[in-house]
Number of protein chains: 2
Amino acid sequence: MIKVLVVDDEPQIARALRINLAAHGYEVGTAADGAQALRAAAAIVPDLVVLDLGLPDMDGTEVIAGLRGWTKAPILVLSGRAASAEKIAALDAGADDYVTKPFDIGELLARVRAATRRSGPGADSPVTEIGGATVDLAAREVHRGGEEVRLTPTEWQLLEVLLRNPGKLVGQRELLHRVWGPNYDRETNYLRQYMAQLRKKLEEDPARPVHLLTEPGMGYRFRP
Amino acid sequence: MIKVLVVDDEPQIARALRINLAAHGYEVGTAADGAQALRAAAAIVPDLVVLDLGLPDMDGTEVIAGLRGWTKAPILVLSGRAASAEKIAALDAGADDYVTKPFDIGELLARVRAATRRSGPGADSPVTEIGGATVDLAAREVHRGGEEVRLTPTEWQLLEVLLRNPGKLVGQRELLHRVWGPNYDRETNYLRQYMAQLRKKLEEDPARPVHLLTEPGMGYRFRP
DNA sequence: GTCACCTTTGACGATTTCTTGACGGCCCCC
DNA sequence: GGGGGCCGTCAAGAAATCGTCAAAGGTGAC
């Protein structure tokens, strides 16, 4: 089932959206502010996000940036502000669509269909091979030799950032920011700790990694 | 270059769109009715279609259906009609976005960016050739003769400054400032040390460099 | 309250990288 | 021809980083 995360601080609108989306066969989660939204997104891994820009705790573009750091799920922005500058800022921050309130629920549903249509069948083979293990980012599943391997939430976030940049070097500061938040800059011991755990769970020979590589002094790299 | 097909029967609007899109680096083709649009699309295979629904010869949804039969390129619909039923019909026919006239050109461009962003990022990062080696600055990767070459962080920084100024002479003081910091002015031995390492790793004949050149008394230069 | 799981933290050799010093060759100027 | 400055090269000590182990908080389930 397609999972949708609805982020809105007005309970009426959030409720109306949830009911309408659920009635059309979507699995719906809700969040009332930006911090909740980022936590909920990391937990349920939605296929689409409906985001109200007028959140009480943080700017809408920050939420978009926080989501875009690790997911490519379409983001459909709702906003009461119709100014073009607002729309441009949100779209360039990474949003996929922008609808001004008040909106027609039928039109919104059509835009949701359009957004999910292109990301649904377009995402070919979401499984990645690492050594003898297969990683399914969408389903949050790892298998190795027929057995299922369990990863903790932090391990998932770290692995996801690396896998979404195949072949590319990801700097340690960038990894810390994306996984632990903007206030973490020098806690490289976290990276060492969790990279070791990932290698132990995924690599054939954890002492001699082939896919999860260290670039000394710079960062880490996933080689397909 | 990203190819955009503009379909509109009003010459003024078509012309305005063409000029604006071309000014932002797109390659633009135009068509004035539905039949022309389908022919032009088959000929130039656009990466995105901007489609006015009010065409003289056929209904807009037919054009959408005709395109969707063979291409997944994003379709951005323009229309003077703001009724929700129209929007829903167009979106469900296969359109990706729907903008009502009159529209803000900046917003339209932002929506074009959003649409091309999600379908485009298959392009790999630009590589620079040095002798027999290929340098990928974005991925932080160097290959030479099929083998991978490892650079240390300082080597990367130095090489990046030179490669970002192709053909230009970079003074030794500027190099020292950019790589080691503002407090380093006369440690030219650092430059000698690391330039030698870079040449050994990148140049065909490190003793007779062709791309990483010394300008005695002044600085260094990268010649493509 | 207890238990299990996850995260955070500290510490230690092993390895890589950076820094530093020294030497000879080349070119230009005197 | 001699001298000084600059460059390329080599080598070795100093410093930083990495992988690993172990254990102390935190949190939610039962």
Side-chain angles (χ1 to χ4, degrees), chain A residues 39-40 42-43 140 142 148-160 162 169-181 183-222, chain B residues 140 142 148-160 162 169-173 175-181 183-221:
Chain A
R39 257 202 313 275
R140 297 254 129 141
V142 176
E148 181 167 346
V149 181
R150 287 173 44 94
L151 299 188
T152 72
T154 307
E155 288 167 2
W156 268 116
Q157 290 187 42
L158 182 57
L159 181 64
E160 182 151 13
L162 289 171
L169 169 76
V170 188
Q172 28 196 24
R173 198 156 317 162
E174 189 177 347
L175 283 172
L176 285 168
H177 283 186
R178 293 213 183 170
V179 177
W180 280 271
N183 297 331
Y184 291 77
D185 272 341
R186 317 210 169 277
E187 280 78 359
T188 60
N189 44 335
Y190 290 10
L191 295 178
R192 297 204 297 274
Q193 171 71 13
Y194 279 95
M195 285 303 298
Q197 294 182 18
L198 282 177
R199 290 204 256 245
K200 192 178 298 181
K201 292 182 178 181
L202 299 177
E203 288 274 3
E204 301 258 5
D205 182 359
R208 245 173 299 281
V210 182
H211 298 94
L212 300 173
L213 305 178
T214 301
E215 300 285 343
M218 310 182 40
Y220 293 84
R221 181 199 308 273
F222 163 64
Chain B
R140 287 276 133 100
V142 176
E148 183 171 339
V149 181
R150 292 179 39 116
L151 301 188
T152 71
T154 308
E155 288 166 4
W156 270 115
Q157 290 187 46
L158 182 57
L159 182 63
E160 180 158 13
L162 290 172
L169 168 71
V170 187
Q172 357 194 359
R173 196 157 317 162
L175 282 172
L176 285 168
H177 284 187
R178 290 222 196 165
V179 178
W180 280 271
N183 298 331
Y184 291 76
D185 274 338
R186 317 209 167 277
E187 282 78 357
T188 60
N189 46 332
Y190 289 10
L191 294 178
R192 297 203 298 274
Q193 170 72 12
Y194 280 96
M195 285 304 296
Q197 294 182 19
L198 282 178
R199 291 204 256 244
K200 192 180 299 180
K201 292 183 178 180
L202 299 177
E203 288 273 4
E204 302 258 5
D205 181 0
R208 246 171 298 280
V210 181
H211 298 94
L212 301 173
L213 306 179
T214 302
E215 301 286 344
M218 312 188 50
Y220 292 85
R221 180 198 309 272

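Note that these values count all heavy atoms, side chains included, but never hydrogens, waters or copies made by symmetry. Numbered from 1 within each chain, the chains take letters A, B, ... in sequence-line order.
- For the pair B/Glu203 CD and D/dT9 P, the computed distance is 11 Å after rounding to whole Å.
- Comparing D/dG8, C/dT7, C/dC18 by their nearest atom to the side chain of B/Thr154 picks out C/dC18.
- Of all heavy-atom pairs spanning B/Leu169 and B/Arg221, the tightest one is N-NH1, 3.7 Å.
- Note: CE (A/Met218) to P (C/dC18) measures 10 Å, nearest angstrom.
- The NZ atom of B/Lys201 sits 12 Å away from the P atom of C/dT16 (whole-angstrom rounding).
- The side chain of A/Ala196 has D/dT20 as its nearest neighbour among C/dT20, C/dT17, D/dT20.
- Remark: A/Thr188 is not in phosphate contact with D/dT17, judged by side-chain N or O atoms under 4.0 Å from OP1 or OP2.
- Among the nucleotides D/dG19, C/dC18, C/dC6, the one closest to the side chain of A/Arg150 is C/dC6.
- Each of C/dT17, D/dG19, C/dA22 was ranked by its minimum atom distance to the side chain of B/Pro153; first place goes to C/dT17.
- Residue-level contact check: A/Arg199 touches the backbone only, with heavy atoms under 4.0 Å from sugar-phosphate atoms and none from bases.
- In this structure, A/Arg192 atom CZ and C/dT9 atom P are separated by 13 Å, rounded to whole Å.
- OP1 or OP2 of C/dC18 sits under 4.0 Å from a side-chain N or O of B/Tyr194.
- Distance CG (A/Leu191) to P (D/dT20): 15 Å, rounded to an integer number of Å.
- Closest to the A/Tyr190 side chain, of the nucleotides D/dT9, C/dT17, C/dT9, is C/dT9.
- Residue B/Leu212 contributes atom CG, which lies 15 Å from atom P of D/dC7 at whole-angstrom precision.
- For A/Thr152, whose side chain is taken as the heavy atoms from C-beta onward, the closest listed nucleotide among D/dC7, C/dC18, C/dT7 is C/dT7.
- Of all non-hydrogen atoms in B/Met195 and B/Leu162, the two that sit nearest each other are SD-CD1, 3.9 Å.
- With C/dT9, C/dC18, C/dT8 as the candidates, the nucleotide lying closest to the side chain of A/Trp180 is C/dT8.
- Whole-Å rounding puts the A/Leu176 CG to D/dT17 P distance at 13 Å.
- Two rings, from A/Trp180 and A/Tyr194, have their centers less than 6.0 Å apart.
- Side-chain N/O atoms of B/Gln172 include one lying less than 4.0 angstrom from OP1 or OP2 on D/dC7.
- The shortest non-hydrogen separation linking B/Arg178 to B/Gln157 is O-OE1, 4.0 Å.
- Atom CG of residue A/Leu213 and atom OH of residue A/Tyr220 lie 11.0 Å apart, to the nearest 0.5 angstrom.
- Between C/dT8, C/dT19, C/dC6, one nucleotide has an atom nearer to the side chain of B/Gln193 than all others, and that is C/dT19.
- For A/Glu187 and C/dA11, the CD to P distance is 15 Å, given to the nearest whole Å.
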